[in-house]
Undergrad: 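Pasting in a structure now, in structure tokens, and then I'll have a few things to ask.
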Amino acid sequence: MTFNWPITVYYEDTDAGGVVYHSNYLNFFERARTEWLKSIGVSQTKLLADDIAFVVKRAELDFRRAAKFEQDFTVESCISSLKKASLVFQQRLIDELGECYCEASVTVACVSLSKMRPRAIPEFIVQEFDSAR
């Protein structure tokens, strides 16, 4: 299953030339992952209160084209790997014609917030993501 989230490039996302600044692609991908969690009923505020956090362990990006001010995109996200304490998202920023501007592979680890040590992903989240694969 693929989760899609719309993104519009705002002025704040760009450099002086109106091109998306490279680190902002990570922000776009983060927003999509957060919205996916929300869409399956996961409150990150509740997770934090329960000493559970998701942290990015690794991010690999491939910049294909320059995204520009006022363009509309979709972030496509899917899970390529789901383990006990981590998962890997494959994400793409695409335009309305399906042209890819940036691809990412993002490894996210589940940790105990107080100890910053790995912990098992809560079972209800695993079930939701497992059914989405």
Side-chain angles (χ1 to χ4, degrees):
M1 177 186 147
T2 300
F3 178 80
N4 294 321
W5 187 253
I7 296 286
T8 297
V9 176
Y10 297 116
Y11 187 75
E12 68 184 19
D13 299 319
T14 64
D15 61 17
V19 174
V20 171
Y21 188 69
H22 68 279
S23 66
N24 285 326
Y25 291 92
L26 289 167
N27 295 336
F28 299 158
F29 294 142
E30 176 74 28
R31 288 179 207 156
R33 293 191 307 274
T34 296
E35 294 298 335
W36 193 354
L37 282 172
K38 283 174 52 177
S39 78
I40 61 171
V42 176
S43 164
Q44 291 195 67
T45 301
K46 179 162 178 3
L47 290 177
L48 293 172
D50 292 338
D51 195 42
I52 300 168
F54 287 100
V55 297
V56 173
K57 181 179 183 228
R58 177 181 170 84
E60 186 176 329
L61 281 74
D62 184 12
F63 301 99
R64 299 279 187 90
R65 310 180 111 175
K68 296 181 181 169
F69 178 52
E70 293 187 331
Q71 275 188 286
D72 293 317
F73 293 98
T74 298
V75 174
E76 288 184 342
S77 304
C78 66
I79 296 169
S80 62
S81 174
L82 180 58
K83 297 181 180 176
K84 183 176 179 175
S86 68
L87 57 160
V88 179
F89 291 90
Q90 299 302 319
Q91 296 183 276
R92 295 180 342 130
L93 183 73
I94 59 169
D95 67 13
E96 68 280 352
L97 299 175
E99 293 290 329
C100 182
Y101 283 66
C102 185
E103 287 185 291
S105 177
V106 182
T107 303
V108 176
C110 185
V111 298
S112 162
L113 187 58
S114 61
K115 298 176 185 168
M116 290 308 282
R117 303 289 301 157
R119 61 149 293 153
I121 299 170
E123 188 58 33
F124 74 97
I125 296 174
V126 170
Q127 289 174 354
E128 288 290 338
F129 279 143
D130 210 23
S131 67
R133 293 191 320 147

Undergrad: Quick one: which residue pairs count as a salt bridge (Lys or Arg N to Asp or Glu O under 4.0 Å) with a foot in residues 94-106, not counting sequence neighbours?
TA: R64-E103, R65-E99
Undergrad: Taking N4 for its side chain and T74 for its backbone only, find out whether a donor-acceptor pair lies under 3.5 Å.
TA: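 Checking the backbone N and O of T74 against the side chain of N4, no donor-acceptor pair under 3.5 Å is found.
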Undergrad: Taking all atoms of both residues into account, what is the closest heavy-atom pair of A66 and V19, and its distance?
TA: CB-CG1, 3.8 Å
Undergrad: Could you check I79 against W36 for side chain to side chain contact (heavy atoms under 4.5 Å, CB included), going step by step and ending with a plain yes or no?
TA: CA-CA 11 Å; I79 296 169; W36 193 354; 3.8 Å; yes
Undergrad: Taking the side chain as every heavy atom from C-beta outward, state whether V20 and F28 have any atom pair closer than 4.5 Å.
TA: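 Touching, per the 4.5 Å side-chain cut-off.
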Undergrad: Enumerate the salt bridge (Lys or Arg N to Asp or Glu O under 4.0 Å) contacts for residues 40-50, please, sequence neighbours excluded, ordered by first and then second residue.
TA: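 Listed once each, the pairs are K46-D50.
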Undergrad: Does some side-chain heavy atom of F124 sit less than 4.5 Å from a side-chain heavy atom of I40?
TA: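 No. Closest side-chain heavy atoms not under 4.5 Å.
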Undergrad: Report yes if the side chains of Y11 and F69 come closer than 4.5 Å at any heavy-atom pair, otherwise no.
TA: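 Heavy-atom side-chain distance check passes, below 4.5 Å.
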Undergrad: Got a sec: does the CZ of F63 have more than 12 other heavy atoms crowding it under 6.0 Å?
TA: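 Atom CZ in F63 is crowded, with more than 12 foreign heavy atoms closer than 6.0 Å.
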Undergrad: Linking I/L/V/M/F/W/Y whenever any side-chain heavy atoms sit under 4.5 Å apart, do L37 and I7 land together?
TA: yes
Undergrad: Give a yes or no answer on whether the side chain of D72 reaches the backbone of T8 with a donor-acceptor pair at less than 3.5 Å.
TA: no
Undergrad: Restricting to non-hydrogen atoms, name the atom on S114 and the atom on D51 that form the minimum distance, rounded to 0.1 Å.
TA: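 Looking at all heavy atoms of both residues, the shortest contact is N-OD1, 2.7 Å.
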Undergrad: Less than 4.5 Å apart, side chain to side chain, heavy atoms only: is that true for V42 and F54?
TA: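 No, side chains not in contact.
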Undergrad: If you look at every heavy atom in Q71 and K68, which pair is closest and at what distance?
TA: OE1-N, 2.6 Å
Undergrad: Group every Ile, Leu, Val, Met, Phe, Trp and Tyr by side-chain heavy-atom contacts under 4.5 Å, then state whether L61 and V106 land in the same group.
TA: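 Yes, L61 and V106 fall within the same hydrophobic cluster.
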Undergrad: Between F89 and V55, is there a shared hydrophobic cluster once you connect ILVMFWY residues whose side-chain heavy atoms come closer than 4.5 Å?
TA: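 F89 and V55: separate clusters.
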Undergrad: Measure the shortest side-chain to side-chain distance between P118 and S86 over non-hydrogen atoms and say whether it is less than 4.5 angstrom.
TA: no
Undergrad: Roughly how far, to the nearest 0.5 Å, is the OG atom of S105 from the CG atom of D62?
TA: 11.0 Å
Undergrad: Write out all pairs satisfying salt bridge (Lys or Arg N to Asp or Glu O under 4.0 Å) with one or both partners inside residues 75-88, taking only residues at least two apart or from two chains.
TA: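 Residue pairs passing salt bridge (Lys or Arg N to Asp or Glu O under 4.0 Å), neighbours aside: E76-R92.
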Undergrad: How long is the gap from CD1 on I125 to CD1 on I52, to the nearest 0.5 Å?
TA: 6.5 Å
Undergrad: Give the cluster check for I121 versus V111: same hydrophobic cluster or not, with ILVMFWY residues linked at side-chain heavy-atom distances below 4.5 Å.
TA: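 As far as the 4.5 Å side-chain criterion goes, V111 and I121 are not connected within one cluster.
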Undergrad: Do V88 and F129 share a hydrophobic cluster (ILVMFWY, side-chain heavy atoms under 4.5 Å, transitive)?
TA: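 In one cluster with V88: F129, no.
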Undergrad: To the nearest 0.5 angstrom, please state how far the OG atom of S80 sits from the CD atom of Q90.
TA: 4.0 Å
Undergrad: For residues 13-31, which residue pairs qualify under side-chain hydrogen bond (donor to acceptor under 3.5 Å, both in side chains), counting only residues two or more places apart or in two chains?
TA: N24-N27, E30-R33
Undergrad: Report the residues that fulfil side chain to side chain donor-acceptor pair (under 3.5 Å) with S77, sequence neighbours left out, ordered by chain and then residue number.
TA: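 Q91.
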Undergrad: How far apart are the closest heavy atoms of F3 and S39, and which atoms are they?
TA: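 Closest approach of F3 to S39: CE1-OG, 3.5 Å.
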Undergrad: The criterion is side chain to side chain donor-acceptor pair (under 3.5 Å); which residues satisfy it with K115, sequence neighbours excluded?
TA: none
Undergrad: Within a reach of under 6.0 Å around CD of E123, are more than 12 heavy atoms found that belong to other residues, nucleotides or ligands?
TA: yes
Undergrad: Restricting to non-hydrogen atoms, name the atom on T2 and the atom on C78 that form the minimum distance, rounded to 0.1 Å.
TA: OG1-CB, 4.4 Å
Undergrad: Run the side chain to side chain contact (heavy atoms under 4.5 Å, CB included) test on V56 and F29 for me, step by step, so that the C-alpha distance in whole Å, both residues' side-chain angles and the decisive distance to 0.1 Å come before the verdict.
TA: CA-CA 11 Å; V56 173; F29 294 142; over 6 Å; no
